[in-house]
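In what follows, a structure is listed as structure tokens, so that the remarks can point back to it.
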Amino acid sequence: MEKEDIIKDKSMDFAIRVVNLCKYLKKEKQEYEISKQLVRSGTAIGALQREAMHAESQADFIHKFAIAQKECNETLFWLELLYKTDYLTSDEYFSIIADGKLLMGLITRSIKTAKSHIPS
């Protein structure tokens, strides 16, 4: 399986987890504001990865992945905030944050690899 396929699958799985978490937060915790931010950033990662697969150039690919990296970092922030404000239990937080950090690592490595293929 190619790295892009792994990122494609992991970003979709992560987006699904984020959407389901946001549904839970709204229904069970009556939390609406942070959920909106979380669902936006958490699902943008996969959308940007898909855009990057049809990039017009290597630079465009890197740019799309760099934005995905920023969205992933933002998502990690919202998750940490939810945990530190007691909307998420330790188990809930550490489970989803591990997936987010894995995805961040994959994206970061893809950017580094793509940059290494640009002629000097």
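Counting begins at 1 with the first residue of the sequence.
- L79 places none of its side-chain heavy atoms less than 4.5 Å from the side chain of V18.
- Considering only residues two or more places apart in sequence or on other chains, L81 meets the side chain to side chain contact (heavy atoms under 4.5 Å, CB included) condition with I34, F77, W78, T85.
- Within 6.0 Å of CD in Q30 there are more than 12 heavy atoms belonging to other residues, nucleotides or ligands.
- Counting heavy atoms from C-beta outward, E74 and R40 have side chains that approach closer than 4.5 Å.
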Note to self: Would Y83 and Y87 count as a ring pair (Phe, Tyr, Trp, His ring centres under 6.0 Å) here? Give the steps.
What the structure shows: CA-CA 6 Å; Y83 172 62; Y87 282 104; over 10 Å; no

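- Taking the side chain as every heavy atom from C-beta outward, K8 and M12 never approach each other to under 4.5 Å.
- Here the side chain of Q58 pairs a donor or acceptor atom with the backbone of A114 at under 3.5 angstrom.
- Looking at L88 and L21, their side chains come closer than 4.5 Å, going by heavy atoms from C-beta outward.
- Without hydrogens or angle criteria, N73 side chain to Q69 main chain gives no donor-acceptor distance under 3.5 Å.
- The number of heavy-atom neighbours closer than 6.0 Å to NZ of K29, taken from other residues, nucleotides and ligands shown, is above 12.
- Using a 4.5 Å heavy-atom cutoff, the side chains of K26 and E31 are not in contact.
- Between F14 and L102 there is no side-chain heavy-atom pair separated by less than 4.5 Å.
- Applying the 6.0 Å contact sphere to NZ of K64 captures more than 12 heavy atoms from other residues, nucleotides or ligands.
- Contact check for E92 versus Y24: side-chain heavy atoms found under the 4.5 Å cut-off.
- D13 has no carboxylate O lying under 4.0 Å from a charged side-chain N of R17, or vice versa, which leaves the two without a salt bridge.
- Looking only at distances, a side-chain donor or acceptor of S116 sits under 3.5 Å from a matching main-chain atom of T113.
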